[in-house]
There are 2 protein chains.
Amino acid sequence: MSMAEGKKRAVVLLSGGLDSSTVLGMAVRDGYACTALSFRYGQRHTVELERAATVAAHFGAEHRVIDINIGSFGGSALTDESMVVPTDGTEDGVIPPTYVPGRNTVFIAVGLSLAEAIDAERVFLGINAVDYSGYPDCRPEYLAAYQTLADLATKAGLEGRGAVLTAPLAEMTKAETKAETKADIVREALAVGVPIDVTWSCYQGGEEPCGVCDSCRIRDKALIKAGRPDLATRYAQAQLA
Amino acid sequence: MSMAEGKKRAVVLLSGGLDSSTVLGMAVRDGYACTALSFRYGQRHTVELERAATVAAHFGAEHRVIDINIGSFGGSALTDESMVVPTDGTEDGVIPPTYVPGRNTVFIAVGLSLAEAIDAERVFLGINAVDYSGYPDCRPEYLAAYQTLADLATKAGLEGRGAVLTAPLAEMTKAETKAETKADIVREALAVGVPIDVTWSCYQGGEEPCGVCDSCRIRDKALIKAGRPDLATRYAQAQLA
């Protein structure tokens with residue numbers, strides 16, 4: 001699993017959460033020498049960066065952390081301490097307050113820049129159907145438009161060897177509900193050997209996951225559905241008991 | 001020229017060079033309350049950031065500097081001290097070694113993020129025809145693709161009030177040669193009151209502009225053509241004498 005010469009290369013955007021960690025595992029399984037890329041963007045939950053480092057090391061991937069303080073622009077509950085992280089569920093078509101203006105556009109741009117510099121074939125993303133019911137910058141038409149831009153934007157793209165944006169979780173699932181989609185992701189995570197207990201999905205910045213924010217709730221439900229309640233938060237386990 | 005309430009707002013990507021300083025002047029002239037945005041991205045010529053601050057203050061614009069070290073990815077003479085900055089002219093269709101992988105894509109993404117956070121109508125860019133003969137991420141079709149992405153990417157875009165990417169220098173000029181295009185930009189700079197002597201275009205990181213890199217040479221030629229040889233580099237003035 002080392003960065004052997006001659007292996008095809010990929011950049012994997014790695015938040016340290018369940019989804020992107022699963023995608024890293026899938027990319028490694030598919031034979032890519034991976035550089036995992038994380039961002040310190042002003043998020044309150046920087047614990048995810050330590051978890052990302054651990055997950056990257058687990059999969060033998062190089063890990064880079066880039067500082068880009070778009071959180072200082074304000075406007076999101078993920079970066080603004082004065083805003084409340086929601087705990088009352090997500091609603092289709094409504095953009096939640098945890099939306100960070102332009103975050104994915106910035107992160108993918110940096111991923112493409114790194115991909116061009118290290119001659120990587122793909123930029124892997126954890127984007128999936130659970131996200132794109134709420135966040136505009138997670139939908140398939142958004143990704144397609146980004147691919148068009150990327151092919152025009154880069155020296156590599158002009159030369160026909162530009163990086164391909166790849167969101168395997170968006171392609172993978174045919175599940176009908178968000179809960180089932182997330183459970184499918186958990187099953188894939190288990191299949192590729194993700195250290196699920198290391199991954200961090202919580203929107204809050206505490207010592208352990210809160211168990212009540214929307215992200216924790218969706219994840220706990222999926223873990224239980226996939227037959228692994230032992231990996232759920234302490235909060236969810238107390239509810240089950 | 002203060003950030004008066006009720007004024008329409010704009011983000012202006014400001015490198016501190018002649019082109020982006022001119023665009024800031026045009027945006028202020030057109031009645032926008034401007035936030036100028038500069039980047040510390042690992043460039044060897046960080047003097048441009050000081051110049052950007054001075055130009056922003058001159059026009060009464062707020063100034064923000066964002067750290068994003070894409071220069072650490074390597075691959076460009078602008079950020080890699082071991083590479084040589086070219087001094088032998090630019091060639092149409094050939095991407096110069098001063099190209100920074102994905103730089104404009106990253107900068108525009110951050111500009112759009114800020115625009116959404118502060119509810120700005122436009123993101124102004126200094127991109128023009130002199131650049132896009134060489135850099136892929138300066139061409140009109142690139143900008144059009146970015147607008148499509150931006151409208152899909154953001155909460156504001158979905159709500160029909162997304163920021164419009166605006167490159168007035170690309171629209172302005174009908175000149176037939178690069179030298180004439182750049183001279184037109186100089187004339188516009190003079191018309192909107194850009195402190196040209198403050199702006200920094202040199203690719204090198206010295207105390208004063210080198211006068212021999214491609215950027216200095218194009219600028220000097222334009223200043224002379226526009227009847228302001230007094231604003232050219234010391235090197236160009238010595239050549240003239």
Side-chain angles (χ1 to χ4, degrees), chain A residues 11 35 37 39-41 64 66-76 79 93 95-96 99-119 135-159 162-163, chain B residues 11 35 37 39-41 64 66-76 79 93 95-96 99-119 135-159 162-163:
Chain A
V11 171
T35 298
L37 184 60
F39 297 90
R40 195 178 286 110
Y41 64 93
R64 283 169 179 258
I66 290 285
D67 284 281
I68 168 97
N69 197 8
I70 53 172
S72 66
F73 299 158
S76 172
T79 54
I95 297 170
Y99 170 73
V100 178
R103 181 176 65 176
N104 276 352
T105 308
V106 171
F107 291 179
I108 294 171
V110 177
L112 286 167
S113 171
L114 176 58
E116 188 169 8
I118 69 172
D119 211 16
Y135 298 103
D137 51 359
C138 292
R139 292 170 306 148
E141 54 267 44
Y142 166 80
L143 262 197
Y146 218 133
Q147 188 67 57
T148 301
L149 176 70
D151 292 341
L152 284 169
T154 63
K155 188 173 169 179
L158 290 179
E159 292 166 358
Chain B
V11 171
T35 298
L37 184 60
F39 298 90
R40 195 179 286 110
Y41 64 92
R64 283 169 178 257
I66 289 285
D67 284 280
I68 168 94
N69 197 8
I70 53 172
S72 66
F73 298 159
S76 171
T79 54
I95 297 170
Y99 170 73
V100 178
R103 180 178 64 176
N104 275 352
T105 308
V106 171
F107 290 0
I108 294 171
V110 177
L112 286 167
S113 170
L114 176 58
E116 188 168 9
I118 69 172
D119 211 16
Y135 298 103
D137 50 0
C138 292
R139 292 170 306 148
E141 55 268 43
Y142 165 80
L143 262 197
Y146 218 134
Q147 187 68 57
T148 301
L149 176 69
D151 292 341
L152 283 169
T154 62
K155 189 173 169 179
L158 290 179
E159 293 167 356

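Proteins get letters first, then strands, A, B, ... in listed order; numbering begins at 1 in each. For the numbers below, each heavy atom of this structure counts, side chains included, while hydrogens, waters and symmetry mates do not.
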S.K.: When you compare the side chain of B:Thr148 with that of A:Thr148, does any pair of heavy atoms fall below 4.5 Å?
M.R.: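 Of all side-chain heavy-atom pairs linking B:Thr148 with A:Thr148, none is under 4.5 Å.
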
S.K.: Minimum heavy-atom separation for A:Tyr146 to B:Thr105, with atom names?
M.R.: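 Smallest interatomic distance, heavy atoms only, reads OH-CG2, 4.1 Å.
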
S.K.: Counting heavy-atom pairs under 4.5 Å with chain A, which one of B:Asp67, B:Asp151, B:Ile108 comes out on top?
M.R.: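 Ranked by heavy-atom pairs under 4.5 Å with chain A, first place is B:Asp67.
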
S.K.: Just jot down the side-chain hydrogen bond (donor to acceptor under 3.5 Å, both in side chains) partners of A:Asn69, sequence neighbours excluded, or say none.
M.R.: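 side-chain hydrogen bond (donor to acceptor under 3.5 Å, both in side chains) list for A:Asn69, sorted by chain: empty.
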
S.K.: Contact part of A:Ile66 toward chain B, heavy-atom cut-off under 4.5 Å: side chain, backbone, both or neither?
M.R.: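 For A:Ile66, the contact with chain B is made by the side chain alone.
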
S.K.: Does any backbone or side-chain atom of B:Ile118 lie under 4.5 Å from a heavy atom of chain A? Answer side chain, backbone, both or neither.
M.R.: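 It is neither, since no heavy atom gets under 4.5 Å.
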
S.K.: Give me the atom names and distance for the closest heavy-atom approach of B:Leu152 to A:Arg139.
M.R.: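 B:Leu152 and A:Arg139 have their closest heavy atoms at O-NH2, 2.9 Å.
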
S.K.: Hey, could you give me the CZ/CD1 distance between A:Phe39 and B:Ile68, rounded to the nearest 0.5 Å?
M.R.: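 If I round to the nearest 0.5 Å, the distance is 6.5 Å.
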
S.K.: Sort out for me which of B:Ser113, B:Ala144, B:Gly157 touches chain A most, counting heavy-atom pairs under 4.5 Å.
M.R.: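 Of the candidates given, the most pairs with chain A belong to B:Ser113.
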
